[in-house]
Amino acid sequence: MTETQPRLQAHSPEASAAKARRWGSFYFMEHMLRSMRAYAVTIVVTSVGNPLLYLFSMGVGLASIVDRSPSAHFAGVGYLAYAAPALLVSSAVMTCANEMMFPVMDGFKWRRVYYGPHVTPLVPGQLAAGHVMAVGVRLLVQCLVFFLIMLAFGAVRSPASWLVVPIGVLAGMAFGTPLMAYAARIEKENFQFSMIQRFIVMPLFLFSGTFYPLETMPPAMQWIGWISPLWHGNQLGRLATIGLMEPVWLVAVHVLYLVALGLFGIGWARRNYARRMAA
Amino acid sequence: MAGARTVRPPVISARNLVKTYGDVNAVDGISFEVPAGESFGLLGPNGAGKSTTMRMIGGVTQRTSGELSIMGLDPEKQGPEVRAHLGVVPQQDNLDEELRVRDNLIVYGRYFGLSHSYLAQRADELLDFAQLAEKAKARVDSLSGGMKRRLTIARSLINDPRILLLDEPTTGLDPQARHVLWDRLFRLKEQGVTLVLTTHYMDEAEQLCDRLIVVDKGKIMAEGSPSALIREHSSREVLEVRFGTDRNAAVAPQLDGVGERIEVLPDRVLVYTDNGEASLEQIRARQLHPITSLVRRASLEDVFLRLTGRSLID
Ligand SMILES: Nc1ncnc2c1ncn2[C@@H]1O[C@H](COP(=O)(O)OP(=O)(O)OP(=O)(O)O)[C@@H](O)[C@H]1O
Ligand SMILES: [Mg+2]
């Protein structure tokens, strides 16, 4: 039994490099998650507060009016149950949009957080991947909390309804990762982000079949839903929580579209990170 | 190896390094070798290409042409393997201000795949080394400039690197903070760590470097130990005389023959000489009365002035 703690040794540079090649993305994720702890209170408050606020106003306010109207029919369920999964997906998309804009600029430009790990065994593509994974963890927690609150409000109808949680994460990423790739190319932030918020995120929120079915919009505007990851996510969410009936091909389109957009976004982001950081 | 002197193989070897940005030749054909354990400096003014060279060594900037080998590896092809050997102190601090002081070290160490148990111990050692132990739990944005710099240096040592790259380690620090840093760097040097540092402070280069290259506009102007460079390119002493900003240039021709060489700067005239006091006597004998005079030892600043006709710090 030794009295004093033995002096531990750093492993060899070769071992460092091998580990970094393999786990580098996770190391950066770990870093991002630690920094999120600095604004953990905000994260918790919004994750719990948003669903409470949304579901309360929908369930007690809007739903009580809508459900009284004899012509209203929302997939045969009450309005709260109809809107709730779409609100979960929307909140995931909005959170992801934020996490893929400002923190990316912070990494490259404002506080240059990416340039610390840049001179370690990590490579830029791993920073992109680690960033995505950390945001994924945040989305997962947020969607799970939202789902639990939906349960409490009695807004789910199906045993498979928990699937809305991964669906929310997927929809968030389908929107967020291409945005991240775009943000990685911005040299100077001249209101691009607030433009995106106002002219892309908000319209998508309003016109992606969140509050009413896409078909109730004029046909000339329905294309917005078709290109919007939010609509595809909303429909999948409803499929999970209220058993919304849709043809199998359409369900496949929803899933494939979201997966394709997410993969495209990650690939493009990795490339942009590598380019920008090799200059 | 019977009786053979151990020849130290270079840990860094660069041949004809070139880096072009658009039509700017940031680095324009630089070659050098650094043996293990040496303290090697790149001295040059703003825009000389020092940082660009440092970034190429770490493999984080692609070189336009030339050959580079760090521990026998090409940093462009084996970036992670090369960087695993290095500790890097960038010119601009990039600590994570959202994390606390100690957490900055831990998080950084994770990038080298080091275990939490090792890092807990190492972080405390390094905080002691950087004299930041009391600040372990402080937020980074509450630190002074000198403390941040020391933390950045501590961070670069988390993986016990045998090669440390320091890009302007003390720029922007007050004299006391610089001396603390120099002291820390001396200790590393004593432990056999190879130091590669850039600076545009000649005193820093003289203090820390065994050998250096003087770089200007991407090219090497001279190479050698600080004392050899001074011997080669300057006299032993320098007499600085001031006659007033408007008169310096007019008086200069009358100093002909005093010392070995005269250099006229806007605010003063430098007389290169082996005996400053004697030269001053000569000047007084010519009935020229400088407002102020100062005799000092020649420095790398004089070497740089000689080689480029310009001052190091503009
Ligand atoms: N990313 C870049 N894009 C374009 N030009 C660059 C870039 N980085 C450096 N340069 C140019 O290359 C030249 C050398 O720059 P570098 O930063 O290597 O100089 P330096 O010796 O480190 O200067 P300083 O003492 O100011 O830090 C400069 O002319 C600079 O403008
Ligand atoms: Mg520089």
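Sequence lines set the chain letters: A, B, ... in the order given, protein chains first and strands last, and positions in each chain run from 1. Quick note: numbers below take in every heavy atom, side chains included, and nothing from hydrogens, waters or symmetry partners.
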Quiz item: Above 12 or not: heavy atoms from other molecules or residues under 6.0 Å from CH2 of W162(A)?
Solution: no

Quiz item: Heavy-atom count around K189(B) NZ within 6.0 Å, excluding the residue itself: above 12?
Solution: yes

Quiz prompt | Closest contact, heavy atoms only, P80(B) versus V123(A) | solution = CG-CG1, 3.9 Å

Quiz item: Checking heavy atoms, do the side chain of L99(B), its backbone, both or neither come under 4.5 Å from chain A?
Solution: side chain

Quiz item: So how far is it from L122(A) CG to Y108(B) OH, rounded to the nearest 0.5 Å?
Solution: 10.0 Å

Quiz item: Rounded to the nearest 0.5 Å, what separation is found between the OG atom of S12(A) and the NE2 atom of H85(B)?
Solution: 8.0 Å

Quiz prompt | Heavy-atom pairs under 4.5 Å with chain A, option from Q78(B), H116(B), R162(B) with the top count | solution = H116(B)

Exercise. Mind running side-chain contact (heavy atoms from CB on, under 4.5 Å) on D93(B) and Y115(A) for me, showing each step along the way?
Key: CA-CA 9 Å; D93(B) 282 330; Y115(A) 290 92; over 6 Å; no

Self-check item: A10(A) versus N159(B), closest heavy-atom pair with distance
Solution: CB-O, 4.1 Å

Practice problem: Compare every heavy atom of A84(B) with every heavy atom of P13(A), then report the nearest pair and how far apart it is. | Solution: O-CB, 3.2 Å

Quiz prompt | Heavy atoms from other residues, nucleotides or ligands near OH of Y39(A) exceed 12 (cutoff 6.0 Å) | solution = yes

Quiz item: More than 12 heavy atoms of other residues, nucleotides or ligands under 6.0 Å from CZ of R271(A): is that the case?
Solution: no

Quiz item: Does atom CH2 of W23(A) have more than 12 heavy-atom neighbours from other groups under 6.0 Å away?
Solution: no

Quiz prompt | Contact leader toward chain A among R155(B), R55(B), R100(B), Q92(B), where contacts are heavy-atom pairs under 4.5 Å | solution = Q92(B)

Quiz item: Of R34(A), R37(A), R111(A), which is the lone residue that meets salt bridge (charged side-chain N to carboxylate O under 4.0 Å, His left out) with D96(B)?
Solution: R111(A)

Exercise. Pick one of side chain, backbone, both or neither for L86(B), based on which atoms fall under 4.5 Å of a heavy atom in chain A.
Key: neither

Quiz item: Side chain, backbone, both or neither: which part of F26(A) has a heavy atom under 4.5 Å from chain B?
Solution: neither

Quiz item: Can any side-chain N or O of H11(A) pair as donor or acceptor with the backbone N or O of F112(B) at less than 3.5 Å?
Solution: yes

Quiz item: If every non-hydrogen atom of V107(B) is compared with every non-hydrogen atom of H31(A), which pair is closest and at what distance?
Solution: CG1-ND1, 3.0 Å

Quiz item: Looking at Y27(A) and R110(B), what are the two nearest heavy atoms and their distance?
Solution: CD1-O, 3.1 Å

Quiz item: Does any heavy atom of chain A fall under 4.5 Å from the side chain of R139(B), the backbone, both, or neither of them?
Solution: neither

Quiz item: Got a sec: does the NZ of K135(B) have more than 12 other heavy atoms crowding it under 6.0 Å?
Solution: no

Quiz item: Of all heavy-atom pairs between E81(B) and A17(A), which one has the smallest distance, and what is that distance?
Solution: CA-CB, 3.6 Å

Quiz item: What option among Q126(A), K19(A), M36(A) has the most heavy-atom pairs under 4.5 Å with chain B?
Solution: K19(A)

Quiz item: Is it the side chain or the backbone of E76(B) that comes within 4.5 Å of chain A heavy atoms, both, or neither?
Solution: neither

Self-check item: Heavy-atom pairs under 4.5 Å with chain B, option from R21(A), E14(A), M277(A), R22(A) with the top count
Solution: R21(A)

